[in-house]
*Asks:* 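My structure is below; once you've seen it, I'll send some questions.
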Amino acid sequence: ISTRQFARKKVKNSFGHVETRYKVRTKVSMFGKEFDAEFTLSERSGMKTPLLLGRKILKGRFLIDVDKIYLSSLRAKK
């Protein structure tokens, strides 16, 4: 996927260091809901998960049960 619509933003990484990342807007579809969201991009090819969802994306849309995992993939199989 590519886009010419982006911005740059300074963010603190997980080590507390400030870095400049690209910020993009896109549509997200989860559990039958679709909404606009902003993401900052970083290299995650060596990580367990390719994408992290922040609290701002989830706030007011979803109630999080930390005892459950992989609910979206379970729902897709039904």
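Please read these numbers as outputs of a predicted model, since none were measured by experiment.
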*Asks:* Please walk me through it: do E19 and V11 pass side-chain contact (heavy atoms from CB on, under 4.5 Å)?
*Replies:* CA-CA 6 Å; E19 61 186 31; V11 297; 4.2 Å; yes
*Asks:* Is the CD atom of Q5 crowded by more than 12 outside heavy atoms at less than 6.0 Å?
*Replies:*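 No, CD of Q5 has 12 or fewer neighbouring heavy atoms, counting only those of other groups under 6.0 Å.
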*Asks:* May I ask whether L63 and V28 are part of the same hydrophobic cluster, defined by side-chain heavy atoms of I, L, V, M, F, W, Y residues being less than 4.5 angstrom apart, directly or through others?
*Replies:*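 No.
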*Asks:* Distance check, rounded to the nearest 0.5 Å: F62 atom CZ versus K33 atom NZ?
*Replies:*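 Result: 5.5 Å between the selected atoms.
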*Asks:* Checking F6 against L41 for the side-chain contact (heavy atoms from CB on, under 4.5 Å) test, could you report, in this order, the C-alpha distance in whole Å, the side-chain angles of both residues, the deciding distance, and whether it holds?
*Replies:* CA-CA 10 Å; F6 63 88; L41 307 177; over 6 Å; no
*Asks:* Under the side-chain contact (heavy atoms from CB on, under 4.5 Å) criterion, do T3 and V24 qualify, and how do the steps go?
*Replies:* CA-CA 8 Å; T3 183; V24 296; 4.1 Å; yes
*Asks:* So which heavy atom on L58 is nearest to which on M30, and how close?
*Replies:*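 Taking every non-hydrogen atom into account, CD2-CE, 4.1 Å.
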*Asks:* Give me the atom names and distance for the closest heavy-atom approach of R44 to L51.
*Replies:*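 Looks like NE-N, 4.0 Å.
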*Asks:* How long is the gap from NZ on K27 to CZ on R25, to the nearest 0.5 Å?
*Replies:*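 Atom-to-atom, K27:NZ and R25:CZ are 8.5 Å apart.
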*Asks:* Roughly how far, to the nearest 0.5 Å, is NZ of K9 from OH of Y22?
*Replies:*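 Here the interatomic distance stands at 16.0 Å.
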*Asks:* For the side chain of E43 and the backbone of S45, is there at least one donor-acceptor N/O pair under 3.5 Å apart?
*Replies:*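 Answer holds: yes.
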*Asks:* Which is it for I64 and R55 under the side-chain contact (heavy atoms from CB on, under 4.5 Å) test, yes or no, and what are the steps along the way?
*Replies:* CA-CA 10 Å; I64 308 304; R55 67 182 187 277; over 6 Å; no
*Asks:* Should L52 and M47 count as side-chain neighbours, where that means a heavy-atom distance under 4.5 Å?
*Replies:*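 SC-SC contact between L52 and M47 ruled out.
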*Asks:* Within this structure, what is the NZ-CD distance for the pair K23 and E38, rounded to the nearest 0.5 Å?
*Replies:*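 K23 atom NZ to E38 atom CD measures 4.0 Å (nearest 0.5 Å).
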